[in-house]
Amino acid sequence: MSRRAPLLLLGLGLLAAALLLVGLRIGSVAGADYATFWQALGHYDADNPAHVVLIELRLPRLLLALLAGGGLALSGYLMQAMVNNPLADPYLLSTASGASLGALVINILLPTASAVTPWLVPLGCLAGAVGATLLVIGLGSRRGRLVPSQLLLAGVALSSLLNALGGLITFRAQTDSQLRAAISWGLGSLERAGWPLLGGPAVAVLLGMVAAWLLRRHLNVLLLGEERAAALGLDVGRTRWLLLLVSSGITAGVVALCGPLGFVGLIVPHATRGLLGVTGRLNVVFCALLGGTFLLGCDLLARLLNPPAGLPVGLVTALFGVPFFVYLLRKKGA
């Protein structure tokens, strides 16, 4: 497996690069080809519509897809290892729902403040994600110890409540454009991509990858079960707290720009373990790159299904994710 992993990682990197190049060409603007793209990189002309489309619209969107997919996949990988349950992901544990509610509160109830302070939305997402995660921890704990099955049930219940509150806030939108933006964002979209806003998810994913790499051995030990992990000297409670906080930060950074993109954190970790094994040394890096590549492909499909505007990419991830979730349920119950 150690010899296979670098080759798979290289192949996946080439696939991601190919999807990036294909994504640059998809669109209705004439003249936005590869020659124009290389020209724009060297001598950008803000008065050239093709340059603006390629550099200011398409490229940030593709990079956001890579970052968002990688972050959600990594977050799901950490959560599944944390609770030792293949059905765990940021959405089932309400982390994403909390982040979404935080963003809606800022965007709809405090629109003036969000316009003046762009970083207020990511901060609201982070507060919502951490708050929801801490509440799930409280509901999913017994005598100070996390109970994985109880944690999942608490996450599903709280997620439903937070989504309902988000729907109530959406109906408080004061303008039609604000309502349409909230609905589009709620379906999961990459439309808000832009160079000034890429820093938040980039920092969240980078820090998350560093933390996951440092904790990779702890993840493997957790997969042995709580009792065996504790017997091997692992502080299970402390490790789970760290994993929850790291996954919350990653999810908040992604949801702030993209809204809820479901099932990426469920599908990709399973594919990673299937290709590299449960305890592969490169699992963390491979999972993040695979998640970005997967979301890139979903975004390209969304743009091809409804040109030129495209569909919210969250609809496409759900088309893949729901059948996969049903498959996991049937397999787990078999």
Side-chain angles (χ1 to χ4, degrees), residues 1 4-5 8-20 62-93 95-96 188 190 201 204-206 208-209 211-213 215-216 219-220 223 243 246-251 253-255 258-302 313-329 331-332:
M1 190 64 66
R4 183 184 179 189
L8 287 173
L9 192 60
L10 176 60
L12 185 59
L14 293 175
L15 177 59
L19 290 176
L20 278 171
L62 295 170
L63 293 178
L64 179 59
L66 271 176
L67 289 170
L72 293 174
L74 185 59
S75 183
Y77 186 87
L78 296 178
M79 287 188 169
Q80 288 177 16
M82 177 195 68
V83 300
N84 200 10
N85 191 310
L87 298 180
D89 84 336
Y91 296 87
L92 291 178
L93 294 184
T95 306
L190 300 173
V205 173
L206 179 60
M209 284 192 65
W213 179 261
L215 294 170
R216 67 190 185 280
L219 298 177
N220 295 337
L223 293 174
L243 293 176
V246 170
S247 58
S248 297
I250 297 173
T251 304
V254 172
V255 171
C258 305
L261 296 173
F263 300 104
V264 178
L266 179 69
I267 297 173
V268 177
H270 282 274
T272 299
R273 290 190 292 269
L275 291 170
L276 301 184
V278 176
T279 59
R281 185 169 56 90
L282 295 176
N283 278 21
V284 169
V285 178
F286 187 86
C287 183
L289 183 56
L290 182 59
T293 305
F294 173 71
L295 194 58
L296 262 180
C298 288
D299 183 49
L300 296 182
L301 183 59
V313 69
L315 297 180
V316 178
T317 61
L319 290 176
F320 289 105
V322 172
F324 187 77
F325 183 70
V326 173
Y327 162 76
L328 287 179
L329 285 176
K331 182 180 179 181
K332 191 174 178 63

**Student:** Do L296 and L66 have side-chain heavy atoms sitting under 4.5 Å apart?
**Tutor:**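 Yes; the side chains approach each other to less than 4.5 Å.
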**Student:** Going from CZ on F286 to OH on Y77, what distance comes out if it is rounded to the nearest 0.5 angstrom?
**Tutor:**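 Here the interatomic distance stands at 11.5 Å.
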**Student:** Counting C-beta onward and ignoring hydrogens, is there a side-chain heavy-atom pair between L319 and L301 closer than 4.5 Å?
**Tutor:**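 A side-chain contact under 4.5 Å is absent here.
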**Student:** Between V255 and Y91, is any pair of side-chain heavy atoms under 4.5 Å apart?
**Tutor:**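 A side-chain contact under 4.5 Å exists here.
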**Student:** To the nearest 0.5 Å, tell me how far I267 CD1 sits from Y327 OH.
**Tutor:**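 These two atoms lie 12.5 Å from each other.
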**Student:** Measuring only between side-chain heavy atoms, which start at C-beta, is L19 closer than 4.5 Å to D299?
**Tutor:**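 Result no, sub-4.5 Å side-chain heavy-atom pair not found.
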**Student:** Can you name the residues that form a side-chain hydrogen bond (donor to acceptor under 3.5 Å, both in side chains) with T95, not counting sequence neighbours?
**Tutor:**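 Result, side-chain hydrogen bond (donor to acceptor under 3.5 Å, both in side chains) vs T95: T133.
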**Student:** Heavy atoms only: give me the nearest G208-I250 pair and the separation to one decimal.
**Tutor:**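 Nearest pair, atom of G208 first, then I250: CA-CD1, 3.6 Å.
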**Student:** If we only count heavy atoms from C-beta on, is the T279 to R216 side-chain gap below 4.5 Å?
**Tutor:**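 In short, these two side chains do not touch, never coming nearer than 4.5 Å.
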**Student:** Quick one: do L266 and L328 satisfy side chain to side chain contact (heavy atoms under 4.5 Å, CB included)? Show the steps, please.
**Tutor:** CA-CA 10 Å; L266 179 69; L328 287 179; 3.9 Å; yes
**Student:** Can you spot which of L20, L290, T293, L289 makes a side chain to side chain contact (heavy atoms under 4.5 Å, CB included) with L15?
**Tutor:**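 Only one option passes, and that is T293.
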**Student:** Specify the closest pair of heavy atoms between G253 and A204, including all atoms of both residues, with the distance to one decimal.
**Tutor:**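 In terms of heavy atoms, the two residues are closest at CA-CB, 4.2 Å.
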**Student:** As an exercise, state the distance from CE of M79 to CG of D89, rounded to the nearest 0.5 Å.
**Tutor:**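 Output value for this atom pair is 7.5 Å.
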**Student:** If you compare all heavy atoms of V316 against all heavy atoms of A302, which two are closest, and at what distance to 0.1 Å?
**Tutor:**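 Minimum heavy-atom separation between V316 and A302: CG2-CB, 3.7 Å.
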**Student:** Using atom types as modelled and distance alone, determine if a side-chain donor or acceptor of S75 lies under 3.5 Å from a backbone N or O of G71.
**Tutor:**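 No; judged by distance alone, with no hydrogens or angles, the pair does not exist.
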**Student:** Taking all heavy atoms of N283 and all of G277, pick out the closest pair and write down the distance.
**Tutor:**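 Reported closest heavy-atom pair: ND2-O, 2.9 Å.
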**Student:** Begin with the C-alpha distance, continue with both residues' side-chain angles, and end with the deciding distance and a verdict on side chain to side chain contact (heavy atoms under 4.5 Å, CB included) for L9 and L276.
**Tutor:** CA-CA 10 Å; L9 192 60; L276 301 184; over 6 Å; no
**Student:** Please check: side-chain N/O of T251 versus main-chain N/O of S248, any donor-acceptor pairing under 3.5 Å?
**Tutor:**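 Judged by distance alone, no pair lies under 3.5 Å.
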**Student:** Which heavy atom of L190 sits nearest to which heavy atom of A65, and what is that distance?
**Tutor:**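 Taking every non-hydrogen atom into account, CD1-CB, 3.7 Å.
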**Student:** Quick one: pull up SG in C298 and CG in L261 and give me the separation to the nearest 0.5 Å.
**Tutor:**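 Atom-to-atom, C298:SG and L261:CG are 9.5 Å apart.
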**Student:** Do T272 and V268 come within less than 4.5 Å of each other through their side chains, counting heavy atoms only?
**Tutor:**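 Side-chain contact under 4.5 Å: yes.
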**Student:** Specify the closest pair of heavy atoms between L93 and M82, including all atoms of both residues, with the distance to one decimal.
**Tutor:**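 Heavy atoms of L93 and M82 come nearest at CD1-CE, 4.1 Å.
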**Student:** Given the rule in the side chain to side chain contact (heavy atoms under 4.5 Å, CB included) test, do M209 and L74 qualify, once you have shown the distances and angles that lead to the verdict?
**Tutor:** CA-CA 8 Å; M209 284 192 65; L74 185 59; 3.6 Å; yes
**Student:** Under 4.5 Å between any side-chain heavy atoms of F325 and F263, yes or no?
**Tutor:**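 Yes, side chains in contact.
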**Student:** Give, for atom CG of L300 and atom CG of L295, the distance between the pair rounded to the nearest 0.5 Å.
**Tutor:**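 The CG atom of L300 sits 9.5 Å away from the CG atom of L295.
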